[in-house]
Q: 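First the structure, then my questions, so here it is.
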Amino acid sequence: MFEKSVTDTSVQRADRALDSAQSAADQAISGVSNAIDKGVDRVRVATHQVHDGALRATEGTSSYIRQDPIKSVLIAAATGAALMALVSLLTRSNGRG
């Protein structure tokens with residue numbers, strides 16, 4: 001009889017521990033889910049802001065090119081030449097190392 005009482009008490013304690021662990025796991029899952037939702041929302045907002053900024057930059061660039069096309073072409077050519085020189089310099093220094 002004593003053994004059955006000890007066993008019943010142990011089973012009850014194990015059940016309470018399992019319920020407590022399940023509750024903690026549910027809370028953790030809920031917290032992670034909320035954090036993921038907030039993260040997704042932040043990424044969505046940031047993506048929208050970047051998209052809007054890119055559109056404004058595109059509109060500004062297009063307007064500048066329409067207003068002064070020769071200067072725009074010269075700036076683009078100079079930028080391209082500078083980038084090619086930089087790439088050439090970097091590839092040359094990497095080949096020596």
Side-chain angles (χ1 to χ4, degrees):
M1 194 63 116
F2 178 72
E3 289 179 16
K4 183 173 184 194
S5 175
V6 170
T7 303
D8 289 344
T9 302
S10 296
V11 168
Q12 290 172 353
R13 286 182 181 165
D15 283 343
R16 283 194 302 261
L18 182 60
D19 289 342
S20 178
Q22 182 65 45
S23 176
D26 290 343
Q27 289 176 356
I29 290 170
S30 177
V32 168
S33 178
N34 289 338
I36 289 171
D37 289 342
K38 287 179 184 178
V40 168
D41 288 342
R42 287 178 183 161
V43 168
R44 189 174 291 126
V45 168
T47 301
H48 184 69
Q49 290 173 344
V50 168
H51 183 263
D52 288 348
L55 285 177
R56 283 192 301 273
T58 300
E59 289 169 2
T61 302
S62 296
S63 174
Y64 183 80
I65 290 171
R66 271 189 239 106
Q67 291 173 2
D68 203 348
I70 294 173
K71 186 175 179 182
S72 299
V73 169
L74 292 175
I75 289 172
T79 302
L83 286 174
M84 289 305 296
L86 181 62
V87 167
S88 175
L89 181 65
L90 290 175
T91 56
R92 193 176 315 144
S93 65
N94 283 340
R96 291 180 189 168

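When reading the values below, keep in mind they use all heavy atoms of this one structure, side chains included, and skip hydrogens, waters and symmetry mates. Residue indices begin at 1 and follow the sequence shown.
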Q: With distance as the sole criterion, is a donor-acceptor pair present between the side chains of Arg13 and Thr9 under 3.5 Å?
A: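 Arg13 vs Thr9: no donor-acceptor pair found between side chains.
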
Q: Could you go through residues 64-83 and list every donor-acceptor pair under 3.5 Å that involves a side-chain atom there, pairing it with any protein atom two or more places apart or in another chain?
A:
residue, atom, partner, partner atom, Å
Gln67, NE2, Ser63, OG, 3.4
Ser72, OG, Asp68, O, 2.9
Thr79, OG1, Ile75, O, 2.8

Q: With sequence neighbours left out, which residue pairs that include part of residues 39-53 fulfil the salt bridge (Lys or Arg N to Asp or Glu O under 4.0 Å) condition?
A: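 Passing the test, one end in residues 39-53: Asp41-Arg44.
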
Q: Test of understanding: with side chain to side chain donor-acceptor pair (under 3.5 Å), list the residues that count as partners of Ser20, not counting sequence neighbours.
A: none

Q: Identify which one of Thr91, Leu89, Leu90 satisfies the side-chain contact (heavy atoms from CB on, under 4.5 Å) criterion when paired with Val87.
A: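 Of all the options given, the one that passes is Thr91.
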
Q: Determine all donor-acceptor pairs shorter than 3.5 Å in which one atom belongs to a side chain in residues 23-40; sequence neighbours excluded.
A:
residue, atom, partner, partner atom, Å
Asp26, OD1, Gln22, NE2, 3.0
Asn34, ND2, Ser30, O, 3.4

Q: Test your reading of the model: is there a side-chain donor-acceptor pair from Thr47 to the backbone of Val43, 3.5 Å cut-off?
A: yes

